[in-house]
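Worth saying up front: this structure is predicted, and the values here are computed from it rather than measured. Residue numbers count from 1 along this sequence.
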Amino acid sequence: MKKILVTSLLIILAHNSYGQIEQDKVLHYLGGNLYGLVGAGVANEISDGDRTWTFVGAVGGSLLIGVAKEAIDQNQYGGWSNEDLLATVLGGVTIGATIDIFKKKKQRKREQLFRDAIKTTEFRYQKIIPIETMEINSLLVLGISTTVLEK
């Protein structure tokens with residue numbers, strides 16, 4: 001019951017605060033999200049999955065598109081808006097943090113699965129099998145029983 005009450009209160013507060021934000025800022029925030037996602041994807045590929053560079057890519061992508069949009073606005077309308085730029089960059093920061101949180105959760109889950117797999121593996125065959133022999137290690141990788149080697 002407590003969770004339902006807190007969730008309802010948060011939804012009501014979010015709905016009321018949405019009315020206070022200009023529609024233009026919401027669109028800039030959404031654009032920052034989208035281009036931050038693109039920047040994070042590019043940075044993730046370039047850095048081979050480094051979390052820091054993925055976050056920097058998300059913020060950099062949103063900053064790049066925000067500056068470009070404000071430069072176009074300055075040229076066409078004569079109005080540079082730092083608030084619009086801030087809304088765009090906040091969109092990139094939000095998507096960067098979200099990617100980092102979910103990526104970290106996935107990594108923790110993989111590490112836990114690996115730990116569980118190691119616990120169930122029996123290492124008693126390592127004493128029997130010499131490590132120098134590559135064919136024997138290959139047999140273990142393929143799942144062939146060590147009794148074949150004792151004959």
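Of all the heavy atoms in K25 and S81, the pair that sits closest is NZ-OG, 4.4 Å. The shortest non-hydrogen separation linking A58 to G92 is CB-O, 3.6 Å. Annotation for G32 and S62: closest pair O-CB, 3.6 Å, computed over non-hydrogen atoms. Residues G36 and I95 come closest through the heavy atom pair C-CG2, 3.7 Å. Contact detail for G57 and A43: the closest heavy-atom pair is CA-CB, 3.7 Å.
In this structure, the separation between CG on N44 and CD1 on I99 is 8.0 Å, given to the nearest 0.5 Å. Once rounded to the nearest 0.5 Å, the distance linking OG1 of T98 with CG of N33 reads 7.5 Å.
Applying the 4.5 Å side-chain rule to ILVMFWY residues, one finds F55, V59, L63, W80, L85, V89, V93 in the same cluster as V67.
At least one side-chain heavy atom of L86 sits less than 4.5 Å from a side-chain heavy atom of L90. With contacts defined as side-chain heavy-atom distances shorter than 4.5 Å, the pair D84/K69 does not qualify.
Residues forming a salt bridge (Lys or Arg N to Asp or Glu O under 4.0 Å) with D50 (at least two apart in sequence, or on another chain): none. In this structure, the salt bridge (Lys or Arg N to Asp or Glu O under 4.0 Å) partners of D100, at least two apart in sequence or on a different chain, are R51.
Side-chain contact check for T88 and Y35: no donor-acceptor pair (N or O, by modelled atom type) lies under 3.5 Å.
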